[in-house]
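Okay, structure first, notes after.
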Amino acid sequence: MKTLNATDEKALLQQLRDGDGTAFTAIYNTYYGTLYLHAYNRLRNREIAQDIVHDLFTNLWSKKTQLTISEGLSSYLYTAVRNRIIDYVSRQETSSRYIQSLGNFLEQNPDTPDLKVEAQELAAMIEKEIAGLSPQLRVVFELSRNEHLSHKEIAAKLNLSEQTVRGYIKNALRTLRLKFGAYFFLTIYLLLKLF
């Protein structure tokens, strides 16, 4: 990992604690690439690796006044990314097991009224969040998910590029995923199974 010398590191950390944005930028520029590569090599997903590293730096900035880093900055950042990766993988495994277990239950008990009600409540919550998206995001997302149009068809219909459509859908899904986490995917699963 590319590192700063101990003197520069201590000075930057003190400046960061004092709220100096240029110190934060220097730390970000020094360590982002290496941390991202580490996360990507473990997860093999660019978007999630970026989210994890951006989350780390957001946390670093928001908690700058409480920072107590006894080991070097590079060790601290590496450990923080590693822990976030472990947490992410653990949450994904737990969600997968839960969804698989629920799927097995639904296949054996397809007419359970409580599950239908829960699925409808979750679907309503998702619909409310979709309604809260920006108008352009919402239109593109609904054309994709409700009318099952391809990116190319949406682009032609709205006079947009396919790349723009792809970006809008990606942003809408990211917003919903961040809001609902595993519940978003569970709801999609329940809706497909029950309705």
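None of the values given here were measured: they were computed from a predicted structure. Side chains included, hydrogens not; waters and symmetry mates left out as well; all remaining heavy atoms used.
Here the side chain of Arg138 pairs no donor or acceptor atom with the backbone of Ile130 at under 3.5 angstrom.
Side-chain contact of Ser161 with Thr164: a donor-acceptor pair under 3.5 Å is present, judged by distance alone.
A 4.5 Å side-chain heavy-atom check between Asn83 and Thr79 finds at least one atom pair inside the cut-off. Considering only heavy atoms from C-beta on, Asp51 stays 4.5 Å or farther from Tyr88 through its side chain. For the pair Leu149 and Ser144, the minimum side-chain heavy-atom distance is 4.5 Å or more. Taking 4.5 Å as the limit, every side-chain heavy atom of Lys64 sits out of range of all side-chain heavy atoms of Phe24. Residues Tyr168 and His151 are not in side-chain contact: their nearest non-hydrogen atoms beyond the backbone lie 4.5 Å or more apart. At least one side-chain heavy atom of Tyr31 sits less than 4.5 Å from a side-chain heavy atom of Leu35. Two residues are said to be in side-chain contact when any heavy atoms from C-beta on lie closer than 4.5 Å; Tyr76 and Leu67 meet this criterion. Side-chain contact between Leu77 and Ile27: present, with at least one pair of heavy atoms (C-beta onward) separated by less than 4.5 Å.
Aromatic ring pairs are classed by plane angle as parallel below 30°, tilted from 30° to 60° and perpendicular above 60°; the pair Phe57 and Tyr32 is tilted.
With sequence neighbours left out, Asn45 forms a side-chain contact (heavy atoms from CB on, under 4.5 Å) with Glu47, Ile48. Annotation: salt bridge (Lys or Arg N to Asp or Glu O under 4.0 Å) contacts of Arg84 (sequence neighbours excluded): Asp55.
Ser75 contributes atom OG, which lies 10.0 Å from atom CZ of Arg82 (distance to the nearest 0.5 angstrom). In this structure, Glu162 CD and Ile154 CD1 are separated by 10.0 Å, a value rounded to the nearest 0.5 Å. Separation of atoms CG (Leu43) and CD1 (Ile52) is listed at 5.0 Å; rounding is to 0.5 Å. The distance from atom CD of Glu153 to atom CG of Leu158, rounded to the nearest 0.5 Å, is 11.5 Å. Rounded to the nearest 0.5 angstrom, His38 NE2 and Thr34 OG1 are separated by 11.0 Å. For the atom pair Arg46 CZ and Tyr40 OH, the distance stands at 5.0 Å (nearest 0.5 Å).
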Output, in order, the C-alpha distance, side-chain angles, deciding distance and verdict of side chain to side chain contact (heavy atoms under 4.5 Å, CB included) for Glu147 and Lys157. CA-CA 12 Å; Glu147 296 185 27; Lys157 186 170 187 167; 3.8 Å; yes
Hey, mind stepping through Leu12 and Leu16 against side chain to side chain contact (heavy atoms under 4.5 Å, CB included) and telling me if it holds? CA-CA 6 Å; Leu12 279 174; Leu16 177 66; over 6 Å; no
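The two residues Val53 and Ala39 have their closest heavy-atom pair at CG2-CB, 4.3 Å. When all heavy atoms of Glu9 and Leu73 are compared, the closest pair comes out as OE2-N, 2.7 Å. Across every non-hydrogen atom of Ala172 and Leu137, the tightest pair is N-CD2, 4.3 Å. Smallest separation of non-hydrogen atoms from Leu160 and Gln136: CD1-NE2, 3.3 Å.
In Gln66, the CD atom is crowded: over 12 heavy atoms of neighbouring residues, nucleotides or ligands sit closer than 6.0 Å.
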